[in-house]
Amino acid sequence: MPGRTITRADLSEAVYQRLGLSRTESAELVELVIREICDCLEKGETVKLSSFGSFVVREKSERIGRNPKTGVEVPITPRRVMVFKASNVLKSRINGVDAADERE
């Protein structure tokens, strides 16, 4: 079942509704948090958000790939990739399992 996409504006509106900040302050707060996460990842740092998950930057070395259409081998340059690993708490929430039920 596809859900809707949550945007920065949606996050800002949620902050506005729940915290009572002005809409401008809410938007600035969301931007600040996103910018801080991006800056940390750019430096290669891991960003861990408790009960949510971790954003990890991994180094991929050079390797040989293959063009699926032609079968020709081509070198794939080394690069950094970002992966997200969901916490067990988030996985349980997504699957509709209460964390207390899972411990029993």
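Hydrogens, waters and symmetry mates play no part in the numbers below; they use all other heavy atoms, side chains included. These figures come from a predicted structure and were not determined experimentally. Each residue takes its place number in the sequence, starting with 1.
In this structure the side chain of Val15 reaches within 4.5 angstrom of the side chain of Leu21, judged on heavy atoms. Annotation: side chain of Glu13 is not in contact with side chain of Arg8 (no heavy-atom distance under 4.5 Å).
Every pair tested for side-chain hydrogen bond (donor to acceptor under 3.5 Å, both in side chains) that includes a residue from residues 36-46 fails, sequence neighbours excluded, so the list is empty. Applying the ring-ring contact (aromatic ring centres under 6.0 Å, His included) test to every pair with at least one member in residues 25-63, sequence neighbours left out, gives these pairs: Phe52-Phe84, Phe55-Phe84. Annotation: ring-ring contact (aromatic ring centres under 6.0 Å, His included) contacts involving residues 12-50, sequence neighbours excluded, are absent.
Within the model, atoms CD of Glu62 and CD1 of Ile64 stand 6.5 Å from one another, a figure rounded to the nearest 0.5 Å. Residue Leu90 holds its CG atom at 11.0 Å from NZ of Lys85, rounded to the nearest 0.5 Å.
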Check: residues 66-79 side-chain donor-acceptor pairs under 3.5 Å, at least two apart:
{"from": "Arg66", "atom 1": "NH1", "to": "Gly71", "atom 2": "O", "distance (Å)": "3.1"}
{"from": "Arg66", "atom 1": "NH2", "to": "Glu73", "atom 2": "OE2", "distance (Å)": "3.2"}
{"from": "Asn67", "atom 1": "OD1", "to": "Lys69", "atom 2": "N", "distance (Å)": "2.8"}
{"from": "Asn67", "atom 1": "OD1", "to": "Thr70", "atom 2": "N", "distance (Å)": "3.4"}
{"from": "Thr70", "atom 1": "OG1", "to": "Val72", "atom 2": "N", "distance (Å)": "3.3"}

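Proximity of a side-chain donor or acceptor of Asp10 to a complementary backbone N or O of Ile6 within less than 3.5 Å is not detected.
With sequence neighbours left out, the salt bridge (charged side-chain N to carboxylate O under 4.0 Å, His left out) criterion links Arg80 to no other residue.
The shortest heavy-atom contact between Ser87 and Ser51 is OG-C, 3.2 Å. Shown here for Ser12 and Ala27, the closest heavy-atom pair between the two residues is OG-CA, 3.2 Å. Taking both residues in full, the closest heavy atoms of Val47 and Cys40 are given as CG2-CB, 3.8 Å, listed atom of the first, atom of the second, then distance.
At a threshold of 4.5 Å between side-chain heavy atoms, the hydrophobic network of Ile, Leu, Val, Met, Phe, Trp and Tyr places Ile37 and Met82 in one connected group.
Enclosure of atom NZ in Lys48 is not indicated, since only 12 or fewer non-hydrogen atoms of other residues, nucleotides or ligands lie within 6.0 angstrom.
Here Val56 sits in one hydrophobic cluster together with Val83; the rule is ILVMFWY side chains under 4.5 Å apart, joined directly or through other members.
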